[in-house]
Amino acid sequence: MSNADEEPLSSHTIALRKAFRDCSDGVKRLRNTCGHNNCISLFSENRRASSSSELIRHAHAAAGAHQEHRKQGIIDTLQRLDMDEERNSGSKVVDIVQVDQALINPYEFKQEYCMRNVPCIIRGLDVTDFAYVSSQWRSNDSYINTEWFRSHVGSDTLVPVRIIDPNNQNDDGLDGDGRAVECATVEMKLDAWIQYCRQLKDITSNSLHEVQASESLQSATTDYLKDWHLQFLFDKQHKDINKLTLQSPLYSLPLIFERDLLNNFLSRYTGGDYKFVYWGPLGSRTALHSDVLHSFSWSYNVVGRKHWKFYIPNDDTENGMRSFELIQEAGETVFVPSKWKHEVTNLVETLSINHNWITTRNIDYTYECLLTEISSIEEEIQKWGVVSDEDFEVRENMLRGCVGIDLSMLVLMALLEFTELLNFVSCEQGKVASCMVDEDSILDCLCGIFCLKNVLNDIILDNQEKTINVTTRLTATLNSKAMAIDIVDYLKWCLQLTIQ
């Protein structure tokens, strides 16, 4: 037994080894089902439907034209903005695309908005997935029902409150490297936060004029309860009630936001999540930023109104990036695409639920984000010379400290999804073969496979060229060279199953 094997393993290594075992199980199922046959061809043969080849061609073409879809999404957004500005005499508040969740299925949503990477407002989720919080967190007069939080969460529960430095004069909220400026976070008892918000509400109601109220609040409030992991806390407090299901009792994940690789991986293996509650008084805001890991995000307004300002990416003009604005009402959900800079202001006291999420449709952007961070870390290491060239455990720790995940996590995350989707189309349970699954679900699965294939091919190529040293990084985080080699071999083998 080597010295490395004798050393106690870190919690992170133990978590990733669990993910490795699940990857191995997924590959074993594939081998039992497919052998060395092409999974995509096997799907076409087993389904025995004349449309199967057409489904494959359609999904393959969509994934292959991913970047073109994104470019077209920007073009369509600009054209819509031009028409709205002309119709509304130059107003920046536009009538953004509004989606009725009852009239669109998950595949259609992913192709129209996730694949094209454009924002929209979704209506109807307040009476389905968010029905409980919509009824319980709103009072009869449409304010926040603070008594629910006192009784169900606890008055003495500590909540994270962000305080923006009033001396920071950087209007765009970004530092010199384009990252969001860090805010001080203090822990405050929930009851104290409720009292604080009530005092600010009194300032508004006692002011005779709106301008006067705005001036009073400008100096009175920079505080914002945000990045509160309430669902995680609630699940933990109610684990005896909730132990038979992974779903929170507070709300369910809308189907159009399903297959969330990021939060599924974190909750299953490493702990934590990117699921938040935001509670802000009138005038509280989130400064200009784009979301972490180049992720998608969505924000459901339980109570209140938000003003959003979006900056259209890759559309720099002499006057800077073009932008548009929208108003989000209670009961509406805003979908935020990857890499779109935006800023948000609460027009009244507002309570919202927000998730960051990664799917097959934007995991290439997340990989791009990690590559950028890896390059920045290497520059810092070379500058200070404090990390040896062979220490990739420290490099992965630094990467995780910067953006929340490391490259090893992304590779395992992608491989787990890849094997699961491949097992689905290989008809392990016969559901696809017997045509029990609708065509949109099959298209969604196939498109996900081909999108992942493109990213995993890039990872394998970068590893062969030693651009990012995937095998070395996996060896460091798993504390096992054999496991790292197996992961890379699994990737190559699975990719062989999808060759057209």
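Computed from a predicted structure; not experimentally measured.
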Which pair of non-hydrogen atoms, one from [X] and one from [Y], has the smallest distance, and what is that distance?
X	Y	value
Gln328	Asn301	O-ND2, 3.4 Å
Lys226	Arg285	NZ-O, 4.3 Å
Ala63	Asn454	O-ND2, 3.6 Å
Gln111	Met115	O-CB, 3.3 Å
Ala414	Ile363	CB-CD1, 3.9 Å
Gly154	Leu190	O-CD2, 3.4 Å

Is there side-chain contact between [X] and [Y], with heavy atoms separated by less than 4.5 Å?
X	Y	result
Asn356	Leu293	no
Phe109	Leu255	no
Glu417	Ile358	no
Cys494	Leu422	yes
Glu112	Val99	no
Cys447	Arg361	yes
Asp406	His12	yes
His355	Phe276	no

Given the options Phe310, Tyr311, Trp308, Glu343 meets side-chain contact (heavy atoms from CB on, under 4.5 Å) only with Tyr311
Test your reading of the model: is there a side-chain donor-acceptor pair from [X] to the backbone of [Y], 3.5 Å cut-off?
X	Y	answer
Asn469	Thr472	no
His342	Leu288	no
Ser295	Asp291	no
Asp273	Leu266	no
Asn362	Thr359	yes
Arg259	Thr360	no
Ser338	His294	yes
Thr157	Val153	yes
His152	Trp148	yes
Lys339	Pro313	no

Interatomic distance, [X] atom [atom1] to [Y] atom [atom2] [nearest 0.5 angstrom]:
X	Y	atom1	atom2	answer
Glu373	Ile405	CD	CD1	11.0 Å
Tyr107	Cys114	OH	SG	12.0 Å
Leu371	Glu368	CG	CD	8.0 Å
Leu16	Thr477	CG	OG1	5.5 Å
Tyr274	Asp227	OH	CG	10.0 Å
Ile374	Leu399	CD1	CG	5.5 Å

Can you spot which of Tyr113, Trp298, Phe296 makes a ring pair (Phe, Tyr, Trp, His ring centres under 6.0 Å) with Phe335?
-> Phe296
Apply the ring pair (Phe, Tyr, Trp, His ring centres under 6.0 Å) test between Trp279 and each candidate in Tyr224, Phe149, Tyr196; give the one that qualifies.
-> Phe149
Give a yes-or-no answer on whether the side chains of [X] and [Y] include a donor-acceptor pair shorter than 3.5 Å.
X	Y	result
Ser252	Asp129	yes
Asp22	Tyr269	yes
Tyr278	Ser284	no
Ser299	Asn354	yes
Asn463	Thr471	yes
Tyr367	Asp462	yes

How far apart are the C-alpha atoms of Asn145 and Arg138, what are their side-chain angles, what is the distance that settles it, and do they pass the side chain to side chain contact (heavy atoms under 4.5 Å, CB included) test?
-> CA-CA 5 Å; Asn145 180 12; Arg138 293 178 192 160; 6.0 Å; no
Pair Tyr490 + Trp493: ring centers closer than 6.0 Å = no
Side chain to side chain contact (heavy atoms under 4.5 Å, CB included) assessment of Met413 paired with Leu262 = CA-CA 8 Å; Met413 191 187 303; Leu262 176 63; 4.3 Å; yes
Quick one: does NZ or CZ of Arg395 land under 6.0 Å from the six-membered ring centre of Phe392, within 45 degrees of the ring axis?
-> yes
Would you sort out whether Thr13 and Asn479 count as a side-chain hydrogen bond (donor to acceptor under 3.5 Å, both in side chains), showing the intermediate values?
-> CA-CA 7 Å; Thr13 294; Asn479 198 19; 5.9 Å; no
May I ask you to say whether [X] pairs ionically with [Y], meaning some side-chain N is under 4.0 Å from a carboxylate O?
X	Y	value
Lys110	Asp444	yes
Asp364	Arg70	yes
Arg400	Glu396	no

From CA spacing to verdict: side chain to side chain contact (heavy atoms under 4.5 Å, CB included), Phe418, Leu491 | CA-CA 9 Å; Phe418 202 45; Leu491 288 174; 5.7 Å; no
Decide yes or no on side chain to side chain contact (heavy atoms under 4.5 Å, CB included) for Val302 and Phe130, but give the supporting numbers first.
-> CA-CA 8 Å; Val302 187; Phe130 300 116; over 6 Å; no
Would you please name every residue forming a side-chain contact (heavy atoms from CB on, under 4.5 Å) with Ser375, sequence neighbours left out?
-> Glu379
